[in-house]
Amino acid sequence: LKHAMAMFSSFSGMCRPDWRKRWRRLAFRQRRLGVAVALPVSALLAGAGAELSACPSTATVADLEWQAAAEALGRAPPSAEMPWTEWAAAWAPLGRQVWADLEGNLVACPEGSVAVLAHALPALDAEEGGAASLELIKMLHHLLSGWRHTLVDASGWDDGDTAASPGPWSRRWLLTMSSLLRFVYLKWINIPQENIQHGGAPTAQATADFVPVSAPALRSHHAFVFRHTVDDFRKSRVYDLEMTENSVLFSEAFAFVSFCKLYEVDYILESGVYKGVSTEMWSVFAKDVIAVDIFLPPEAERRLADVSNVRLLVGDGRRLLPTILEQQPQRRTAIFIDGPKGELAIHMALHLRKFPQVAFVALHDMAPYRKELIRLGACFFSDETWFQDAYGDLDAPFRARPDLVAGGTMAFLPGTAAPAA
């Protein structure tokens with residue numbers, strides 16, 4: 001949905017943005033006709049010669065309103081001059097009319113009804129709330145599920161006539177889907193990002209309006225944990241492992257295994273393996289490691305072939321990890337997510353941390369999402385200044401290898417399982 005939304009949205013800019021001229025032009029046309037068209041965006045009509053929508057009047061929408069909407073849909077998509085929010089607000093009045101007699105309007109003009117509601121959804125959601133928009137989508141789903149032939153007839157296509165041409169609503173399906181996908185993405189998928197400067201550091205503006213994640217008491221607690229685990233980390237054979245690019249840094253690995261000791265975790269689940277560097281690091285400190293990736297590079301398989309406490313699985317971690325947790329309900333577990341990335345990783349973490357045996361979930365490459373992660377309960381970030389001042393020297397081997405670009409920001413979300421006493 002995220003990728004489809006981005007692609008569809010980029011297409012909308014190909015149409016002409018002179019919507020303000022059409023707004024004034026149709027206002028005059030409406031006065032001449034004596035028609036009170038409720039849809040503000042209908043003012044984008046360009047004048048005579050527009051195609052008819054072929055939708056009859058209903059109890060709440062006049063045929064001229066369907067016509068105005070169909071023409072507006074083809075002539076003025078959202079653009080730099082008409083943002084999506086303004087576009088949705090323009091469709092909201094007609095959207096309310098369609099919603100008022102949803103079933104009747106779907107029977108009379110199915111594609112037009114769906115198009116109008118899709119474009120109006122953000123504005124309707126802002127007015128009525130999320131429960132109302134969910135109910136509307138649910139109703140549309142149920143009402144349209146068994147209407148395939150009705151929709152085919154309304155669109156102008158005929159199963160037996162390949163020469164038939166689609167109606168005006170069908171020819172605007174891409175823009176309609178763009179509006180719908182954008183709403184679904186922003187409503188249920190998107191995680192707000194911060195303004196990040198080139199090079200990965202949050203700007204002063206981005207960090208000025210929230211409190212650092214480590215309050216003094218929490219920072220003191222973390223500092224105590226790290227002080228009592230760093231010697232074991234330095235003495236471990238983790239520094240004997242082969243380093244590669246795009247892996248976690250030693251300081252990040254140290255933070256992760258320190259939290260494992262705090263929670264007395266010896267069972268680690270990993271989603272996103274790449275070349276297996278982090279997987280091999282976890283194997284040094286944990287009793288069992290299960291690592292999942294949709295594709296395992298040969299380098300990872302070779303690296304981990306002789307590591308007896310690592311089990312590699314091919315598949316989607318979003319599906320496999322919940323199943324593994326259900327099969328091992330008694331094992332206190334730590335989870336590391338390095339794939340999927342971004343907001344999909346955050347949604348995955350929020351789901352996994354609900355399992356009662358999960359002590360914490362660590363997510364890699366989370367710098368753009370710091371503020372939102374704090375709101376969601378993140379308790380530590382691996383790039384906190386005080387932590388790097390104290391333990392940044394653990395990454396000296398990587399600094400000696402500038403050819404290896406590695407590391408990111410590891411964020412820690414606490415789970416349900418309490419720390420060890």
Side-chain angles (χ1 to χ4, degrees), residues 2-3 191 193-194 196-202 233 236-257 259 268-286 289-305 307 310-318 320-321 334-346 348-349 361-370 373 380-384 387-388 391-413:
K2 176 181 178 181
H3 293 307
I191 300 291
Q193 296 189 43
E194 298 161 33
I196 303 298
Q197 294 176 329
H198 180 72
F233 186 85
S236 71
R237 60 182 182 86
V238 71
Y239 282 100
D240 297 329
L241 305 180
E242 180 188 359
M243 300 185 302
T244 69
E245 80 288 351
N246 297 324
S247 66
V248 299
L249 296 173
F250 289 122
S251 62
E252 295 173 311
F254 165 61
F256 184 86
V257 299
F259 272 83
I268 296 174
L269 302 183
E270 180 180 72
S271 178
V273 176
Y274 188 47
K275 294 185 178 181
V277 176
S278 58
T279 315
E280 191 174 22
M281 288 182 178
W282 312 148
S283 73
V284 174
F285 302 94
V289 179
I290 297 181
V292 178
D293 206 316
I294 57 175
F295 171 74
L296 291 172
E299 297 95 323
E301 294 181 323
R302 286 195 297 268
R303 175 189 291 269
L304 301 167
V307 183
V310 170
R311 180 183 173 197
L312 294 177
L313 299 177
V314 177
D316 190 337
R318 292 171 293 184
L320 291 180
L321 263 58
I335 297 173
F336 176 61
I337 300 176
D338 202 13
K341 294 289 188 178
E343 53 214 349
L344 298 181
I346 296 174
M348 179 180 176
V361 182
L363 306 91
H364 206 220
D365 300 323
M366 287 290 115
Y369 305 95
R370 184 189 309 270
L373 283 167
F380 177 74
F381 291 86
S382 63
D383 61 354
E384 293 183 35
F387 176 77
Q388 286 300 315
Y391 302 106
D393 65 298
L394 295 173
D395 298 325
F398 277 100
R399 286 196 289 272
R401 291 284 307 276
D403 57 309
L404 297 181
V405 179
T409 297
M410 192 180 292
F412 290 75
L413 283 170

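In this chain, numbering begins with 1 at the start of the sequence shown. Only a predicted model underlies this, so the values are computations on that prediction, with no experimental measurement involved. All heavy atoms count here, side chains included; hydrogens, waters and symmetry mates do not.
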Identify the heavy atoms of Phe233 and Ala253 that sit nearest to each other, and give their distance.
CE1-C, 4.1 Å
Rounded to the nearest 0.5 Å, what's the gap from CZ on Phe259 to CZ on Phe412? Could you check?
5.5 Å
Does a side-chain heavy-atom distance below 4.5 Å link Ile290 with Leu313?
yes
Identify the two heavy atoms, one from Met366 and one from Ala345, that lie closest to each other, and give their separation to 0.1 Å.
CE-CB, 4.3 Å
Take a 6.0 Å sphere around CZ of Arg399 and say whether it holds more than 12 heavy atoms from other residues, nucleotides or ligands.
yes
Is there side-chain contact between Leu373 and Phe381, with heavy atoms separated by less than 4.5 Å?
yes
Gap separating the OG atom of Ser271 from the CG atom of Leu321, nearest 0.5 angstrom
6.0 Å
So CG of Asp403 and CD of Glu245: to nearest 0.5 Å the spacing works out to 9.0 Å
For Trp282, the option from Ile268, Val310, Leu269 that meets side chain to side chain contact (heavy atoms under 4.5 Å, CB included)
Ile268
Step by step, would you call Thr279 with Arg303 a side chain to side chain contact (heavy atoms under 4.5 Å, CB included)?
CA-CA 10 Å; Thr279 315; Arg303 175 189 291 269; over 6 Å; no
Is Arg370 salt-bridged to Asp383, cutoff N-O under 4.0 Å?
yes
About how many Å separate CD of Glu343 and CE of Met348, when rounded to the nearest 0.5 Å?
15.0 Å
Yes or no on side chain to side chain contact (heavy atoms under 4.5 Å, CB included) for Val277 and Met243, after CA distance, side-chain angles and deciding distance?
CA-CA 7 Å; Val277 176; Met243 300 185 302; over 6 Å; no
Student check: side-chain heavy atoms of Met410 and Leu363 closer than 4.5 Å:
no
Decide yes or no for Glu270 and Ile335: does some side-chain heavy atom of the first lie under 4.5 Å from some side-chain heavy atom of the second?
no
Under 3.5 Å, which donor-acceptor pairs link side chains of residues 291-301 to any protein atom two or more places apart or in another chain?
from: Asp293; atom 1: OD1; to: Phe295; atom 2: N; distance (Å): 3.3
from: Asp293; atom 1: OD2; to: Val273; atom 2: N; distance (Å): 2.7
from: Asp293; atom 1: OD2; to: Tyr274; atom 2: N; distance (Å): 3.4

Run the side chain to side chain contact (heavy atoms under 4.5 Å, CB included) test on Leu249 and Leu394 for me, step by step, so that the C-alpha distance in whole Å, both residues' side-chain angles and the decisive distance to 0.1 Å come before the verdict.
CA-CA 8 Å; Leu249 296 173; Leu394 295 173; over 6 Å; no
Drop me the distance from Lys275's NZ to Leu304's CG, to the nearest 0.5 angstrom.
13.0 Å
Ring-plane angle category for Phe256 and Phe336, please: parallel below 30°, perpendicular beyond 60°, tilted otherwise.
perpendicular
Between Pro368 and Asp365, the two heavy atoms sitting closest are CD-O, 4.1 Å
What's the shortest heavy-atom distance between Val238 and Phe250, and which atoms?
O-CE2, 3.7 Å
Tell me the closest heavy-atom pair linking Ser247 and His364, and the distance in Å.
O-CE1, 4.3 Å
Name the orientation class of the two ring planes belonging to Tyr391 and Phe254 (parallel below 30°, tilted from 30 to 60°, perpendicular beyond 60°).
tilted
In sequence, state the C-alpha distance, the side-chain angles, and the governing distance for Leu241 and Met281, and then conclude on side chain to side chain contact (heavy atoms under 4.5 Å, CB included).
CA-CA 8 Å; Leu241 305 180; Met281 288 182 178; 4.1 Å; yes
Might you point out which heavy atoms bring Glu252 and Gly408 nearest each other, and give the distance in Å?
OE2-O, 2.7 Å
